[in-house]
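Each chain gets a letter, A, B and so on, in the order its sequence line appears, and its residues count up from 1. What's counted below: heavy atoms across the whole structure, side chains too, no hydrogens, waters or symmetry copies.
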There are 2 protein chains.
Amino acid sequence: MSTSGRGLHGRVLDTLGPEITAGVYPAGSVLLTDELAQRFDVSRSVMREAVRVLESMHLVASRRRVGVTVLPSAEWNVYDPQVIRWRLAGADRPRQLRSLTVLRSAVEPVAAGLAARHATAEQCAALTECALGMVATSRGHRLEEYLVHDMAFHRVILTASGNEMFARLGDVVAEVLTGRTQHEVMFPDPDPAAVTLHVQVAEAVREGDAARAEALTREITVGALQELDILAP
Amino acid sequence: MSTSGRGLHGRVLDTLGPEITAGVYPAGSVLLTDELAQRFDVSRSVMREAVRVLESMHLVASRRRVGVTVLPSAEWNVYDPQVIRWRLAGADRPRQLRSLTVLRSAVEPVAAGLAARHATAEQCAALTECALGMVATSRGHRLEEYLVHDMAFHRVILTASGNEMFARLGDVVAEVLTGRTQHEVMFPDPDPAAVTLHVQVAEAVREGDAARAEALTREITVGALQELDILAP
DNA sequence: TGTGACAAATAAGTCTGACTTTTTGGCTCC
DNA sequence: GGAGCCAAAAAGTCAGACTTATTTGTCACA
């Protein structure tokens, strides 16, 4: 489950990536390839490969005669799963979770509406199964098992939408849900109303009722926003 | 405006990236670093750097004794601006524009609602300016100028939302709008109703009316979906 | 004094060749 | 026919020399 353990350059990224995203080197800081290679005790070839990856994430820019410059966070590829993981592991994890939850609240209802139109029979079955699993594990301090079904549910919705951009957010949603269960303060048992909503969404998708699926999912995400105290006055 | 002209490895990516995203090498195809280096007439070091970048985009996976394997498109980092550009330049540009337009339709209304709450005075002014610019260029076959204001408008909305994930979609939306003006069939003048909606969104944001800003923006994105014949029966 | 061109320093970029490591596929041997 | 061993293959790593572009500083000239 680690990030990119393969290869020496991966090891370098495992520590340099989190450092940069955590703001250890403020925007504009200049790093030197040779110094970094010394610090991590790797050859320049390996160090250069690592820098190339950071560059493709727009975390740094490499310029001749200057060095490797750290870019302002506004330039970062914040949709890169690796960057997301690095940031979630860092200090501004709460802030990151909020951003991602807002994104969820925008995307998931629309995805559910599309899923109601495009979902295959297998996907409908999987959805119902997930919902039932959530019901079954919603009582008795079985949060870990509940989480598995919850993540699977949302992943199926995003996949069944038929939109590849939505589908790729499955990992992000899973990360958010995991973060909520682990880190955030949560009741020993999930909110019964939320469980019911999931069952109803599965119903609506099965019946092809796009408007209802969208509205119900919007209720779910509103709940998620409220948990993080993100709501309109 | 090119992609990554800097460096030899960038040149390699400029042709290898589009080839992979265009499906020239089907998922599972195996490429050999040495052969690629020969083909592009670069050293192995440079070729390795290029492969590392492709790897970080999850376009390929490099394994010892096997080679560089092309991954199925479901694994690609489709939110990477570079990947988006490559795919938009390729054969399935229409499909890509549809995916992105659907994403827009999900994100922009929510972003507009947030902008109504968080927009600064400067951002409100910029928004009004953009809207006025759109009105001024909405007649007389001035699509190029209109497009500039249109792109700026949506970028301000996304930025003013205060959510970094939304803000980073500014480039994507700009790409979609450009694509619509250039490639797709469009009337010589933009739809007057759409122009009015933009002005009203600017108003709503200025007045802090989140619900109205969201609803109006939803109308705009519904229009965008209809242009591409994406609509519910 | 300011401005231009030129020269030197610097750090990334590139190439080459040798070596290491891991994985796989086949082969032998039981 | 299966377990284990061996060799080939390809990526991975390293070290060193060289190239190129960019910046900075200096010096001469207006």
Side-chain angles (χ1 to χ4, degrees), chain A residues 1-17 19-20 24-72 75 82, chain B residues 1-17 19-20 24-72 75 82:
Chain A
M1 186 70 83
S2 84
T3 147
S4 62
R6 302 195 215 285
L8 263 188
H9 87 283
R11 302 287 178 82
V12 173
L13 286 174
D14 284 343
T15 81
L16 195 52
E19 280 182 3
I20 293 175
V24 173
Y25 312 101
S29 303
V30 172
L31 310 172
L32 298 165
T33 306
D34 287 10
E35 288 182 9
L36 289 173
Q38 274 196 331
R39 174 185 160 196
F40 291 104
D41 195 39
V42 295
S43 67
R44 285 202 313 278
S45 327
V46 169
M47 196 60 228
R48 286 178 54 72
E49 288 170 25
V51 169
R52 286 285 178 253
V53 172
L54 295 174
E55 206 174 18
S56 86
M57 296 168 174
H58 286 85
L59 261 48
V60 303
S62 182
R63 274 167 50 206
R64 270 187 152 121
R65 164 70 206 223
V66 176
V68 178
T69 311
V70 177
L71 294 176
E75 305 245 17
Q82 183 106 81
Chain B
M1 185 71 84
S2 86
T3 145
S4 62
R6 301 194 216 287
L8 263 188
H9 86 283
R11 302 289 178 82
V12 173
L13 287 174
D14 283 343
T15 81
L16 195 52
E19 280 182 2
I20 294 175
V24 173
Y25 312 101
S29 303
V30 173
L31 310 172
L32 271 45
T33 306
D34 287 9
E35 287 183 8
L36 290 173
Q38 273 196 334
R39 172 184 162 195
F40 291 105
D41 194 40
V42 295
S43 68
R44 288 196 312 279
S45 329
V46 169
M47 197 59 230
R48 286 178 56 71
E49 289 169 25
V51 169
R52 286 283 178 255
V53 172
L54 294 174
E55 206 174 17
S56 87
M57 296 168 173
H58 286 85
L59 260 47
V60 304
S62 182
R63 274 166 50 206
R64 271 184 151 122
R65 166 66 208 225
V66 175
V68 177
T69 311
V70 177
L71 294 176
E75 305 245 16
Q82 185 104 80

- Task: Please say which of Leu16(A), Leu8(A), Leu32(A) ends up in a side chain to side chain contact (heavy atoms under 4.5 Å, CB included) with Met47(A).
- Result: Leu16(A)
- Starting at CZ of Arg11(B) and ending at P of dT20(D), how long is that distance when rounded to a whole Å?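 The distance from CZ of Arg11(B) to P of dT20(D) comes to 14 Å, rounded to the nearest Å.
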- Task: Write down the distance between NE2 (His9(B)) and P (dC15(C)), rounded to a whole number of angstrom.
- Result: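 It works out to 13 Å between those atoms.
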- Of the nucleotides dC14(D), dT16(C), dA11(D), which one has an atom closest to the side chain of Leu32(B)? dA11(D)
- Query: Which nucleotide, dG13(C), dC14(D), dG12(D), lies nearest any side-chain atom of Leu8(A)?
  - Reply: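 The answer is dC14(D).
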- Message: So, OP1 or OP2 of dG13(C): does either fall under 4.0 Å of a side-chain N or O from Ser62(A)?
- Response: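 Affirmative; the distance criterion is met.
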- Query: Would one find a side-chain N or O of Thr33(A) under 4.0 angstrom from OP1 or OP2 of dA12(C)?
  - Reply: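 For Thr33(A), the contact criterion (side-chain N or O under 4.0 Å from OP1 or OP2 of dA12(C)) is met.
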- Message: Other residues, nucleotides and ligands only: do more than 12 of their heavy atoms fall within 6.0 Å of CD on Gln38(B)?
- Response: no
- Query: Under the 3.5 Å rule, do the base of dG17(C) and the side chain of Arg44(B) count as making a donor-acceptor pair?
  - Reply: yes
For nucleotides 24-28 of chain C, print each protein N/O atom paired with a nucleotide N/O atom at under 3.5 Å, atom names and distance only.
| residue | atom | partner | partner atom | Å |
| --- | --- | --- | --- | --- |
| dT24(C) | OP1 | Arg63(B) | NH2 | 3.1 |

- Contact check, side chains of Tyr25(B) and Leu59(B), non-hydrogen atoms, under 4.5 Å: no
- Determine, for Glu49(B) against Arg52(B), whether the closest basic-nitrogen to carboxylate-oxygen distance falls under 4.0 angstrom.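 No.
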